[in-house]
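First comes the structure, then the notes that go with it.
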Amino acid sequence: MTPRVPRHQLTDDQWNLIADLFPTRNCKTGRRARDRRTILNAIFWVLRTGAPWRDLPIEFGPWSTAWDFFNKWNQDGTFDEVLRRLRSCVVSHGDPPAELWCIDGTSIRAARCSSGGGKIDGPRRTEGSRVDAGRNPRRSADEASTVSG
């Protein structure tokens, strides 16, 4: 019987497929290097659950470390290569169909202005609205005082 791996963590076969992307080298800071597999498992946990980075379980280490590596690997293309290699395990022939690899955006909240609607500063008042009834906004303060006085 094979040992069971938690669902958000990489199996040994998956890790062996991508381990060469994360060379082990000595840290220049004097600290021990963080285990890249644990960091990658932390990143996958956040991406899979949709939880905020600060809610990362303590077993994965500091959330800021996981975020820093995620950001760095996203910018230098390492994360894209990880995903390409892991996808090749599932789909062995060429590129996977586009409909198979999609992101569900139904749970992503967006601000009203992100759809092009713009921000609403408050109720818009026009010249003919009830709020403006009885005064002409084009009339200056001097004209208004001479008319009423």
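- Taking every heavy atom of both residues into account, Gln9 and Gln14 meet most closely at O-OE1, 4.3 Å.
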| task | Start with the C-alpha distance between Leu40 and Ile18, add both sets of side-chain angles, then the distance that settles side-chain contact (heavy atoms from CB on, under 4.5 Å), and finish with yes or no. | result | CA-CA 11 Å; Leu40 204 54; Ile18 60 173; 3.3 Å; yes

| said: Could you walk me through whether Trp73 and Leu21 satisfy the side-chain contact (heavy atoms from CB on, under 4.5 Å) test, starting with their C-alpha distance in whole Å, then the side-chain angles of each, then the deciding distance to 0.1 Å, before giving a yes or no? | reply: CA-CA 10 Å; Trp73 292 339; Leu21 294 174; over 6 Å; no

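- A donor-acceptor distance shorter than 3.5 angstrom exists from the side chain of Asn16 to the backbone of Asp12, with no hydrogens or angles considered.
- Contact detail for Arg84 and Glu81: the closest heavy-atom pair is NH2-OE2, 2.6 Å.
- Between Trp53 and Trp63, the closest heavy-atom pair is O-CB, 2.9 Å.
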| message | Run the side chain to side chain donor-acceptor pair (under 3.5 Å) test on Thr11 and Asp13 for me, step by step, so that the C-alpha distance in whole Å, both residues' side-chain angles and the decisive distance to 0.1 Å come before the verdict. | response | CA-CA 5 Å; Thr11 63; Asp13 291 337; 5.2 Å; no

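- For the residue pair Leu10 and Arg37, the shortest heavy atom distance occurs at O-NH2, 2.9 Å.
- Across Ala66 and Ile39, no two heavy atoms sit closer than the pair CA-CG2, 4.3 Å.
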| request: Report the C-alpha distance between Asp68 and Arg34 in whole Å, list the side-chain angles of each, state the deciding distance to 0.1 Å, and finish with yes or no for salt bridge (charged side-chain N to carboxylate O under 4.0 Å, His left out). | output: CA-CA 12 Å; Asp68 289 341; Arg34 299 262 183 203; over 6 Å; no

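- Applying the side chain to side chain donor-acceptor pair (under 3.5 Å) test to pairs two or more places apart or on separate chains, those with a residue in residues 38-48 are Asp35-Thr38.
- A 4.5 Å side-chain heavy-atom check between Phe70 and Leu47 finds at least one atom pair inside the cut-off.
- Relative orientation of the Trp15 and Phe22 rings is parallel, given thresholds of 30° and 60° on the angle between their planes.
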